[in-house]
> 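Provided herewith is a single structure, encoded as structure tokens, for subsequent inquiry.
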Amino acid sequence: GNTFEDYSRILEGVPTVRAVANVRVSSPVNGSKLSMVEKGICEHIQCKSEELVIKEPGVYLIYCHLNFHFPNCSNSPIDLKIEILVNDRVDWQTLSTWCASETCQETAFKTLFHLHLTSLKVEDRIAVTLNHPEFLNEVSLPNENVLGVLRYSDEM
């Protein structure tokens with residue numbers, strides 16, 4: 001299926017959620033923050049060009065589904081770092097090494113899906129950064145890159 005539409009359809013069917021966002025993201029114009037290219041759902045969360053802004057406090061589940069394309073994968077390892085930022089500070093990060101000799105092919109496609117549960121306050125800003133945004137796959141399938149936020153609970 002189509003990741004963006006699949007997530008949107010699932011989120012529309014969740015009856016108890018009061019704050020939710022599901023947006024399609026792409027490589028940044030400048031810098032390392034991913035840019036929003038299409039709003040799917042933005043309810044009680046403000047969807048800006050590079051950030052999602054929280055309007056209700058609570059515990060939130062942040063998810064990030066990104067697809068990567070390494071067109072010239074060689075024996076030179078590539079360290080790919082993904083960071084979820086809250087108010088421009090790293091709240092969660094992961095580091096993956098690709099194109100090492102044991103995983104080497106001429107062309108490689110990888111999909112990464114990450115979940116992060118955290119307490120957020122009103123006006124907290126959420127963004128995702130990549131240290132190598134040039135590898136974000138936006139051309140060949142699968143190319144659905146999604147950032148989402150779901151209010152899990154109003155308890156802090």
Side-chain angles (χ1 to χ4, degrees), residues 1-15 17-73 78-99 107-152:
N2 188 328
T3 305
F4 180 69
E5 279 79 17
D6 290 344
Y7 290 151
S8 293
R9 192 171 32 260
I10 290 167
L11 292 173
E12 287 171 352
V14 178
V17 174
R18 292 191 345 233
V20 63
N22 185 60
V23 298
R24 187 175 287 161
V25 293
S26 70
S27 294
V29 176
N30 55 15
S32 60
K33 281 186 185 177
L34 297 185
S35 301
M36 184 178 64
V37 292
E38 183 178 345
K39 291 181 189 177
I41 299 172
C42 285
E43 294 180 14
H44 304 287
I45 294 175
Q46 184 180 6
C47 296
K48 292 187 171 184
S49 63
E50 294 180 336
E51 299 175 322
L52 302 177
V53 182
I54 299 302
K55 295 298 175 191
E56 297 180 7
V59 176
Y60 284 80
L61 178 67
I62 302 169
Y63 60 90
C64 189
H65 184 172
L66 302 174
N67 294 284
F68 297 94
H69 177 213
F70 302 96
N72 298 314
C73 199
I78 298 169
D79 290 328
L80 183 64
K81 181 168 64 172
I82 302 170
E83 297 176 329
I84 293 179
L85 305 179
V86 175
N87 301 324
D88 293 322
R89 297 177 74 191
V90 176
D91 201 57
W92 176 90
Q93 67 181 347
T94 186
L95 182 66
S96 302
T97 301
W98 302 103
C99 297
T107 298
F109 292 91
K110 301 294 178 188
T111 297
L112 298 175
F113 182 77
H114 297 289
L115 297 171
H116 177 55
L117 192 63
T118 190
S119 293
L120 298 172
K121 300 180 291 269
V122 173
E123 297 302 317
D124 278 351
R125 297 171 289 111
I126 300 160
V128 174
T129 64
L130 298 175
N131 66 330
H132 288 291
E134 68 273 17
F135 294 120
L136 190 66
N137 182 17
E138 299 175 286
V139 179
S140 51
L141 295 175
N143 62 1
E144 289 291 313
N145 300 301
V146 177
L147 171 62
V149 178
L150 172 67
R151 187 165 177 234
Y152 183 75

> Drop me the distance from Arg89's CZ to Asp124's CG, to the nearest 0.5 angstrom.
11.0 Å
> Do the non-hydrogen side-chain atoms of Ile82 and Leu112 ever get within less than 4.5 Å of each other?
yes
> What's the separation between atom NE2 in His132 and atom OG in Ser27, rounded to the nearest 0.5 Å?
13.0 Å
> Any non-hydrogen side-chain atom of Val86 less than 4.5 Å from a side-chain atom of Ile54?
no
> Hey, what do you get for CZ (Arg151) to NE2 (His44), rounding to the nearest 0.5 Å?
9.0 Å
> Just wondering, do Thr118 and Leu120 contact through their side chains at under 4.5 Å, heavy atoms?
yes
> In Å and rounded to the nearest 0.5 Å, what is the CH2 to CG distance from Trp98 to Leu80?
8.0 Å
> Nearest 0.5 angstrom please: Thr94 OG1 to Glu83 CD, how far?
10.5 Å
> Can you confirm whether Met36 sits close enough to Ser49 that some side-chain heavy atom of one is under 4.5 Å from a side-chain heavy atom of the other?
no
> Testing Asn137, Leu136, Thr111 one by one against Phe68 for a side chain to side chain contact (heavy atoms under 4.5 Å, CB included), which residue passes?
Leu136
> Does the side chain of Lys55 come within less than 4.5 Å of Ile45's, by heavy atoms?
no
> For Cys47 and Ala21, which heavy atoms make the closest approach, and how far apart are they?
SG-CB, 4.2 Å
> Less than 4.0 Å between a side-chain N and a carboxylate O, is that true for Asp88 and Lys33?
yes
> Parallel under 30°, tilted from 30 to 60°, perpendicular over 60°: which one fits the rings of Phe109 and His69?
parallel
> Do Ser119 and Val59 touch side chain to side chain, with heavy atoms closer than 4.5 Å?
yes
> Determine whether a donor-acceptor pair (N or O, by modelled atom type, separation under 3.5 Å) exists between the side chain of Asn67 and the backbone of Glu144.
yes
> Heavy atoms, side chains only, cut-off 4.5 Å: are Thr129 and Leu34 in contact?
no
> Quickly, which of Leu117, Leu150, Ile126 forms a side chain to side chain contact (heavy atoms under 4.5 Å, CB included) with Ile62? Name it, please.
Ile126
> Please confirm whether the backbone N or O of Leu66 pairs with a side-chain atom of Asn145, one donor and one acceptor, at under 3.5 Å?
no
> If we only count heavy atoms from C-beta on, is the Val90 to Leu85 side-chain gap below 4.5 Å?
yes
> Is a side-chain N or O of Asn131 found less than 3.5 angstrom from the main chain of Lys81, in a donor-acceptor match?
yes
> Can you tell me how far apart CD (Gln93) and NE2 (His116) are? Round to the nearest 0.5 Å.
11.0 Å
> Looking at Asp79 and Leu95, would you say the former's side chain and the latter's main chain have a donor-acceptor pair under 3.5 Å?
no
